[in-house]
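Proteins come first, then strands; the chains are lettered A, B, ... in the order of their sequence lines, and each starts at number 1. This structure is a prediction, so every number in the text was calculated from the model and none was measured.
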Amino acid sequence: MEYCSQQYFLGVEMDRFEIIKNIGQEIITEEELRRLLEEKKHPVAYDGFEPSGIAHLPVGVYRPLLLKDLITAGVKVKLLLADSFAWINNKFGGDLEKIRDAGRYFIEVWKAAGVDMKKVKVIWHKDFFDDPEYWKKVILIAKNHSLTRTKRSLAIAGREADDSQPTAFVFYPSMQCADIFHIKADICQLGMDQRKVNMLAREISGKKGMKEQLDYVDCGVDGRPVIVSHRMLMGLKGPVKGKGFDENSGIDVEISSKMSKSLPETAIFVHDSKEEITKKINSAFCPMKVVEGNPILEYCKEIIFRSSHELEVKRPPKFGGDVTFYSYAELEKAFVSGDLHPQDLKIAVAERLNELIEPIRDHFEKNTKAQELYETVASYEITR
RNA sequence: CCCGGCGUAGCUCAACCUGGUAGAGCGGUGGACUGUAGAUCCACUGGUUGCUGGUUCAAAUCCGGCCGCCGGGACCA
């Protein structure tokens, strides 16, 4: 079976707007996105990524699907490998070379996941360090918002912004905003956990005279970036209580519950064997008939039906026999009614996730160079 | 450079004062119960006590040195 990007939904061809809308859990604003697509045939979207750890479901499988959707919608994708941010964040003990190895490894993951890397522009953030224009923008942004505001948007890095943190973190939001203008991104396509920084960027470039000074006049809509924030995939254990990332308790729970590379028991990795995937999915939180906060249903919606138009659930005759769902809505309805039992769904989901992961896993097992890269990064993880 | 606080299980901490080779919660693993998971019970799993020297029959504990983190001060302005 071949999995393609979701260009069709219920058999109806989706237009560019709908494809992008389907990526975003939150879009600021839909109206501006519509305008942007009317004004530009190939707007630029960017996603920033701090290289660290080993690729898991959200980064190794979900992101490639979103990238493919963006490409399908005619969007020019710039992938910012935020090596310097990882450095600030002390990933791999703050060893920039190790961080860059991780970056190279992730590129390999995305290739293996079927992203046409020729259509994606990879940018290494550290290269900005040599450009005075970049720093000018950073300072300009810093001049235009308060320290309080910086701290408030710092929760993005997944840490509480208390005053005992290194001063380096203060640069983080201003730099991240500057990135948007510096690479002239029309769309910020990042996760919900990054929304505050993106909102800050909108606010700042919207100030009088700023889009000119930031050299962002013809970008975004009226010189302000459009924000398309994708959902944060939940960890296998389901929702956890909010840790204070956002005032909105729903968003707070979503960010707090995200599948984390540093919690292997709650995450599926692209190198996991079929047996491991089956075992992990089977032990996942999955309350019967409940959709809210149910990771398995979420994976169905965000991954399975984004990469395919159907899901076959095999089950013994005494439980109703085999059944195939042709849309997420259909599957959700059956699950809520109780017609679809969690156990049966889990088996089908594990099977499908394995099919999606298989080519990635295989690539790293068969390609010597890729394998070396993976082993190198994995060894950094252990000695970290 | 000086003063103070801290450093114990994967995490948060207790035991230090009044030496007797470490406990709890959370987590993890396994069972019971559910046609999944969770919840709930039951069991299991957990540590070179930052490093080092000393005192002592005996050091997480007392003393010295070092390292690291945090805070304050001094110097400089």
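For the P atoms, the distance linking B/rG7 with B/rU49 amounts to 15 Å, nearest Å. Look at the P atom in both B/rU61 and B/rU21: the space between them is 13 Å, to the nearest Å. B/rA15 and B/rA32 have their P atoms separated by 40 Å, given to the nearest Å. For the C1' atom pair drawn from B/rA43 and B/rU36, the interatomic distance equals 23 Å after rounding to whole Å. As rounded to the nearest Å, B/rA74 and B/rC57 have P atoms that lie 47 Å from one another. B/rU55 and B/rC62 have their C1' atoms separated by 8 Å, with the value rounded to a whole Å. B/rG47 and B/rU56: their P atoms are spaced 32 Å apart (whole Å). The C1' atoms of B/rC51 and B/rG68 are separated by 10 Å, rounded to the nearest whole Å.
Remark: B/rU45 base-pairs with B/rG27. Criterion, Watson-Crick or G-U wobble with two distances under 3.5 Å. Across all strands shown, B/rA37 forms no Watson-Crick or G-U wobble pair with both key distances under 3.5 Å. Partner assigned to B/rA22 is none, using Watson-Crick or G-U wobble distances below 3.5 angstrom. Nucleotide B/rC1: paired with B/rG73 (Watson-Crick or G-U wobble, both distances less than 3.5 Å). Base pairing annotation: B/rU8 forms no Watson-Crick or G-U wobble pair, as no partner gives both donor-acceptor distances under 3.5 Å. B/rG53: Watson-Crick or G-U partner is B/rC63, with both key distances under 3.5 Å.
Taking the six-membered ring where the residue is Trp, the centroids of A/Phe128 and A/Trp135 are separated by 6.0 Å or more. Taking the six-membered ring for Trp and the full ring otherwise, A/His271 and A/Tyr374 have centroids separated by under 6.0 Å.
For the pair A/Asp344 and A/Pro166, nearest-nucleotide mapping onto RNA chain B gives the more 5' position to A/Asp344. The nearest heavy atom of RNA chain B to A/Ser283 and to A/Lys279 marks one nucleotide each, and the one closer to the 5' end goes with A/Lys279.
With rounding to the nearest 0.5 Å, the separation of CG in A/Asn22 from CG in A/Asp69 is 7.0 Å.
Just one residue in the list A/Trp124, A/Trp110, A/Phe85 forms a ring-ring contact (aromatic ring centres under 6.0 Å, His included) with A/Phe49, and that residue is A/Trp110.
The interatomic distance linking A/Glu265 (CD) with B/rC26 (C1') rounds to 16 Å, in whole Å. Residue A/Lys289 contributes atom NZ, which lies 14 Å from atom P of B/rU36 at whole-angstrom precision. When rounded to the nearest whole Å, the span between CE of A/Met288 and P of B/rG35 equals 8 Å. When the C1' atom of B/rG27 is taken as reference, atom NZ of A/Lys237 falls 11 Å away, rounded to whole Å. If you measure from atom NZ of A/Lys280 to atom P of B/rG38, you get 16 Å, rounded to the nearest angstrom. What separates NZ of A/Lys241 from P of B/rC26 is a distance of 13 Å, to the nearest Å. Computed from coordinates, the A/Phe285 CZ to B/rU40 P distance equals 12 Å when rounded to whole Å. As a whole-Å value, the separation of A/Lys346 NZ from B/rU34 P is 17 Å.
Note on A/Lys98 versus A/Asp101: no salt bridge recorded, every NZ/NE/NH1/NH2 to OD/OE distance being 4.0 Å or above.
Out of B/rG28, B/rU36, B/rG35, the shortest distance to the side chain of A/Phe319 is found at B/rG35. Side-chain proximity of A/Gln343 to the nucleotides B/rG38, B/rU29, B/rU36 is greatest for B/rU36.
Other residues, nucleotides and ligands place no more than 12 heavy atoms under 6.0 Å from the NZ atom of A/Lys76.
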